[in-house]
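Reviewing the structure listed below.
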Amino acid sequence: MTSTPQLSISISPHLTALAMIADALAGRRRGLPELWRKAISSRVGRQGHQAVRPLAAPGYSVVPDSLVPRTPISGDVSMQAQIDALRDLPPDNLIKDLEQAFGRGPLPAHWRPAAERPGRWLHGYASALADVWSATEPLWRRARALLDREVRRVGVAAVRGGPELLLGALNNRIVSGERGLLIADVESSTYELGDRRIVLVPMLAGKDAVIVSLDHEEAVWIAYPVPGAQTLWRRPVAPALDELSALVGPVRADLLAAIGQPMTMSMLAAGMQVAPSSITYHCDRLSAARLISRERRGREVWITRTERAEELLELFRR
C-alpha cells in the first residue's frame with residue numbers, strides 16, 4: 001500500500017475473541033499468557049473445539065468472511081450481535097465464502113469438514129465464540145481506559161497527520177516504509193490501498209497478534225494489540241486496592257483482583273501462590289458477602305466475580 005492512508009478506529013470485541021480463539025484453541029500462539037490459554041480452552045465445549053480446528057492449519061492464514069460476519073468497517077458492533085449473526089447465517093453463505101476465499105477448485109483439506117456440514121460448523125463456531133467471550137468479557141470491561149486512550153491517540157494522528165508513523169508503531173509484525181505497509185504473514189500478497197481508508201481495531205490479545213482484511217472495496221482493517229494490554233494479564237496491584245484491603249483483608253482483595261476472568265480454585269491457588277485450603281476459606285467468606293459465585297463443572301469449581309464485586313472494585317479504582 002503506497003497511498004497516504006486515511007485513518008479511523010473501531011471498537012470491535014469480536015476481533016479480540018477471534019484472537020483469543022486463534023491463540024488459545026487453534027494453537028497460533030501470539031503471546032497470550034499460558035494461564036489465559038488454559039482458562040479459555042477449558043470454557044469451550046467439544047463441538048466448539050472441533051469447529052476451530054481449521055484455524056490451526058499450518059501454512060494458511062486465509063479464512064472465510066463468515067468468521068467476521070459484521071466487519072469493523074461498518075462501525076462498532078456488539079459481541080452478541082456478532083454471535084447472533086453467525087447463528088442466523090444460512091449455511092450456503094459459508095460455502096460461498098469458502099469459494100471466494102479459496103477459489104472453485106478443491107478446498108484445502110482443513111476446511112472440507114466445514115463445507116460438508118456448514119450448518120453444524122457455524123453452530124459450533126458460534127458456540128465457541130460465545131464461550132470464549134464469557135471468559136474474556138471481564139477483561140474487556142477492565143480495558144475501557146486503555147481503549148479510550150487508544151481512540152484519542154488514533155484521533156490525534158488522523159487529525160494532525162503522521163499516520164505512517166502510527167501504523168509502523170502498531171506491532172512488531174507491521175513495518176511502514178518506502179515499500180508501503182508490510183505485514184508479516186505466511187501467505188504473501190500485494191494490495192493497493194487506493195482511496196480506501198484504514199480502520200484500526202485495537203484488541204486485547206497477545207503481543208504478536210495481528211488480524212487484517214485487505215480486500216474490502218470501501219476500506220481495509222487492521223486489528224492489533226492495544227498498547228498497555230500486557231498490564232491486564234498480570235494481577236492488578238493498584239494503590240487503590242490498599243483501601244479495599246482495609247475493608248476485606250489483603251488476601252481477599254488480591255483474590256478479587258485476580259479473578260479478571262472465571263478461574264478454577266486450583267488456578268487461583270497456583271497464580272496467587274496460596275495453599276488451596278486457604279483459597280477455599282477466603283472464597284467461602286467472599287461468597288457469603290455475595291462478591292463471588294461458584295459453579296461446579298465436573299471435578300472443578302469455577303469462581304466468578306459478581307456484579308456487586310465489579311461495582312466494589314470500580315469504586316476503589318477511582
Chi angles and distances behind the side chain to side chain donor-acceptor pair (under 3.5 Å) call for S10, S12: CA-CA 6 Å; S10 176; S12 174; 5.5 Å; no
Between CG of L18 and CG of L129, what distance do you get to the nearest 0.5 Å? 8.0 Å
Rounded to the nearest 0.5 Å, what's the gap from CG on L256 to CD1 on I292? Could you check? 7.5 Å
Is there a side-chain contact between Y224 and I211 (heavy atoms, below 4.5 Å)? no
Which atom pairs, donor and acceptor, lie under 3.5 Å between side-chain atoms of residues 274-281 and protein residues at least two apart or in another chain?
residue, atom, partner, partner atom, Å
T280, OG1, P276, O, 3.0

Out of curiosity, R153 CZ to L200 CG, how far, rounded to the nearest 0.5 Å? 8.5 Å
Any side-chain heavy-atom pair of W36 and L204 under 4.5 Å: no
Considering residues at least two apart in sequence or located in another chain, which fulfil the side-chain contact (heavy atoms from CB on, under 4.5 Å) criterion with P113? none
Would you compute the distance between atom OG1 of T306 and atom CG of L291 and round it to the nearest 0.5 angstrom? 5.5 Å
When you compare the side chain of V151 with that of L147, does any pair of heavy atoms fall below 4.5 Å? no
Would you call R43 and P262 a side-chain contact if the rule is heavy atoms closer than 4.5 Å? yes
The criterion is ring pair (Phe, Tyr, Trp, His ring centres under 6.0 Å); which residues satisfy it with H110, sequence neighbours excluded? Y60
Is the shortest heavy-atom distance from the side chain of I40 to the side chain of T136 under 4.5 Å? yes
Can you find a pair of side-chain heavy atoms, one from S213 and one from V220, that are under 4.5 Å apart? no
Give the minimum heavy-atom separation between P13 and S78, together with the two atoms involved. CG-C, 4.5 Å
One thing to verify: whether R297 and E300 come together as a salt bridge, which I'm taking to mean a side-chain N less than 4.0 angstrom from a carboxylate O. no
Rounded to the nearest 0.5 angstrom, the CD-NE2 distance for Q47 and H49 is 12.0 Å
Locate the shortest heavy-atom distance separating M79 from A17; write the atom from each residue and the value. CE-CB, 4.0 Å
Going through the checks in order, is the side-chain contact (heavy atoms from CB on, under 4.5 Å) test met by W221 and L214? CA-CA 7 Å; W221 55 261; L214 304 173; over 6 Å; no
Search all heavy atoms of G45 against all heavy atoms of D131 and return the closest pair with its distance. N-OD2, 3.5 Å
What residues form a ring pair (Phe, Tyr, Trp, His ring centres under 6.0 Å) with W302, not counting sequence neighbours? none
V301: which residues meet the side-chain contact (heavy atoms from CB on, under 4.5 Å) condition with it, sequence neighbours left out? M265, R294, R296, I303
Any idea which heavy atoms bring I21 and L55 closest together, and the distance? CG2-CD1, 3.8 Å
Check salt bridge (charged side-chain N to carboxylate O under 4.0 Å, His left out) between R152 and all other residues, then give those that pass, not counting sequence neighbours. none
Heavy-atom side-chain proximity of V199 to I9 below 4.5 angstrom: no
Taking ring pair (Phe, Tyr, Trp, His ring centres under 6.0 Å) as the test, write out the residues that go with Y125, two or more places apart. W121
Considering all heavy atoms, the nearest P64-A101 contact: CA-CB, 4.4 Å
Contacts of type side-chain contact (heavy atoms from CB on, under 4.5 Å), residue D23, not counting sequence neighbours: R29, R30, L32, R37
I'd like to know if the side chain of R173 reaches the main chain of I183, judged simply by a donor and an acceptor atom lying under 3.5 Å from each other, with no hydrogens or angles considered. no
Enumerate, atom names and distances included, each donor-acceptor pair closer than 3.5 Å involving a side-chain atom of residues 85-97, sequence neighbours excluded.
residue, atom, partner, partner atom, Å
D97, OD2, S66, N, 3.2
D97, OD2, S66, OG, 2.5

Do you know which two heavy atoms are closest between P225 and N171, and how far apart they sit? CD-ND2, 3.5 Å
In sequence, state the C-alpha distance, the side-chain angles, and the governing distance for M20 and L139, and then conclude on side-chain contact (heavy atoms from CB on, under 4.5 Å). CA-CA 12 Å; M20 296 284 191; L139 183 75; 4.1 Å; yes
With sequence neighbours excluded, what pairs up with S42 under the side chain to side chain donor-acceptor pair (under 3.5 Å) test? none
Mind checking whether L35 and M263 have side chains closer than 4.5 Å, heavy atoms only? yes
Looking at CG of L7 and CD1 of I222, how far apart are the two atoms once the value is rounded to the nearest 0.5 Å? 8.5 Å
Identify whether the distance between the nearest side-chain nitrogen and carboxylate oxygen of R196 and E218 falls below 4.0 Å. no
Partner set under side-chain contact (heavy atoms from CB on, under 4.5 Å) for R112, not counting sequence neighbours: P106, L107, A109, E116
Can you name the side chain to side chain donor-acceptor pair (under 3.5 Å) partners of H282, sequence neighbours left out? R252
